[in-house]
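Here is the structure we will look at, set down as structure tokens.
All ligand and atom numbering here is 1-based and tracks the order in the structure.
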Amino acid sequence: VSRRSEPDLPAIESPLTPALTVEDLEAAARERLPAMVFDYYAGGSGEEWTLRENRRAYERWVIRPRVLVDVSNVDLRATVLGEELPFPILLAPTAFQRMAHRYGEVATAGGAAALDAVMVVSTIATATLEEIAATGVRRWFQLYVLKDRDLTATLVKRAHAAGYGAVVLTVDTPLLGRRLRDERNKFSLPPGIGLANLEGSGLPESEGSGLSSFFQDRHDASLTWDDVSWLRSLSPLPLVLKGILTAEDARLAVDIGAGAIVVSNHGGRQLDGAPATLDVLPEIVEAAGGRTEVLVDGGIRRGSDVFKALALGARAVLVGRPYLWGLAVNGAEGVQQVLEILRDDLIHTMALAGRARVADIDRSAVAAAPRAPERGDDR
Ligand SMILES: Cc1cc2nc3c(=O)[nH]c(=O)nc-3n(C[C@H](O)[C@H](O)[C@H](O)COP(=O)(O)O)c2cc1C
């Protein structure tokens, strides 16, 4: 699959102990991965408050089950950007997957393709756009706009030529969030792993995080709404804006004709102090007013999380870290396993909640959770 040398990962010596949850796979991945790699995948920025909030936000809602509904057939199909998906869960773009598994993004693509899921491929992937396309996976391309605009244009044109179905412009990363774990670990790419789509280059030498230095050197922090028309001129692909957290920006996204937006705080890795994505989802859905599709990511770890996001107006969700854990533990099969865990858990949740189709998961399917007792409440 690749001519690049393989990262030095321990071999898989025993068959998988059956993992039932994403957390099971995270625990197995943590044992398997070097600490620098695990920290890069797991960590957030600053004090990781936003990272924790993404999870906590799901605890602030309960599901309102309806009973005596025919749930003998639960139908998960959903339509995103005009494409019918078998279930409303996509793979979020994540960088540097060869650190998790020797076949990296190509293995992830294999796992996604087995279930016909959409994989969003990062600009800073460690396999080429064309290698990933060759797996036949349904694919979208995530774009970081580089100072080198010619190179940026070439990337978009390559993605279009290689059958990618959308350009996902990440808008929350003018510069990299302060990821203290990476700074302390002096994060760098292991030997033999490079940025496969950017002339195969590695990360710059750095006193702190090599990725942070890369963004400082190469990424265009001057990008504004005015540049979007240039971006749209590069290909006919639909444009998705990833990293919207306010109604104001959702309205601007509608105005520039975005096909979809992803409510995202980059998995708590950019602005620490930004809200949990689930908390702002309703205001963004309202601002979008059905004129652009709204997706969400951040902290989704089980079927009930997907259910709550759909109930609050998301058309579909994306997951990042969960499939990286699957990839680290068992390559393509591990990625497939994570998607199956989430998919089957969603079916289970829908059946028990009396919602047989995705369209039945409306706002009435959830309610604010009762307030947790605070210290002193029960005196
Ligand atoms: C290790 C890692 C690398 C990531 N790399 C990228 C990237 O290259 N481009 C991007 O737009 N988002 C990137 N993200 C953010 C994800 O696309 C997504 O927003 C986030 O992971 C969702 O949160 P979750 O991990 O809790 O599911 C990355 C996230 C992680 C965890």
Between Gln270 and Ser45, a side-chain donor and acceptor under 3.5 Å: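 Short answer, no.
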
Residues Glu183 and Ser209: side-chain donor-acceptor under 3.5 angstrom: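 Side-chain D/A pair, Glu183 to Ser209: absent.
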
Considering only protein heavy atoms, which is closest to [atom], and at what distance to one decimal place?
atom	value
atom 4 (C) of ligand 1	Thr94 CA, 3.5 Å
atom 15 (C) of ligand 1	His266 CD2, 3.5 Å
atom 11 (O) of ligand 1	Thr170 OG1, 2.7 Å
atom 9 (N) of ligand 1	Tyr144 OH, 2.9 Å
atom 5 (N) of ligand 1	Ala95 N, 3.1 Å
atom 12 (N) of ligand 1	Lys242 NZ, 2.9 Å

Whether over 12 other heavy atoms sit under 6.0 Å from Arg66 CZ: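 Incorrect, the count does not exceed 12.
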
Arg56 atom CZ, neighbour heavy-atom count above 12 within 6.0 Å: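 For Arg56, atom CZ is crowded (more than 12 foreign heavy atoms under 6.0 Å).
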
Cation-pi, Trp325 ring and Arg30 (6.0 angstrom, 45 degrees):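 No.
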
cation_pi(Arg269, Tyr40) dist<6.0 Å, angle<=45: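 Here Arg269 passes the 6.0 Å and 45° test against Tyr40.
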
Reported CG-to-NE2 distance for the pair Asp148 and His219, which is rounded to 0.5 angstrom: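 The distance works out to 13.0 Å.
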
Can you name the atoms of ligand 1, numbered from 1 with element, that are less than 4.0 Å from a heavy atom of [X]?
X	value
Ser122	7 (C), 8 (O)
Ala92	16 (C), 17 (O), 18 (C)
Ser264	19 (O)
Tyr41	1 (C), 31 (C)
Gly298	22 (C), 23 (O), 26 (O)

Which residues share a side chain to side chain donor-acceptor pair (under 3.5 Å) with Ser235, sequence neighbours left out: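 Ser235 satisfies side chain to side chain donor-acceptor pair (under 3.5 Å) with no other residue.
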
Val120 and ligand 1 - part of the residue with a heavy-atom distance under 4.0 Å: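 The answer is neither.
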
Contact partition for Arg321 relative to ligand 1, non-hydrogen atoms under 4.0 Å: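 Both backbone and side chain.
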
Min N/O separation Gly299 to ligand 1 under 3.5 Å: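 Gly299 vs ligand 1: N/O contact under 3.5 Å present.
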
Selected option - heavy-atom contact closest to atom 22 (C) of ligand 1, from Val296, Asp297, Asp172: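 The option holding the nearest heavy atom is Asp297.
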
Nearest candidate to atom 28 (C) of ligand 1, where distance is taken over non-hydrogen atoms, out of Gly267, Gly320, Pro93: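 Heavy atom nearest to atom 28 (C) of ligand 1 belongs to Pro93.
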
Over all atoms of both residues, closest heavy-atom pair of Thr152 and Leu143: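 So the two residues come closest at CG2-CD1, 3.9 Å.
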
Closest non-hydrogen atom pair, Leu146 against Leu151: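 Heavy atoms of Leu146 and Leu151 come nearest at CD1-CD2, 3.8 Å.
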
Any Gln337 side-chain heavy atom under 4.5 Å of Tyr323 side chain: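 No, their side chains stay 4.5 Å or more apart.
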
4.0 Å heavy-atom contact, Arg301 with ligand 1: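 Contact check Arg301 vs ligand 1: positive.
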
Whether Leu324 lies under 4.0 Å from ligand 1, heavy atom: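 Yes, that is the case, since the closest heavy atom of the residue is under 4.0 Å from the ligand.
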
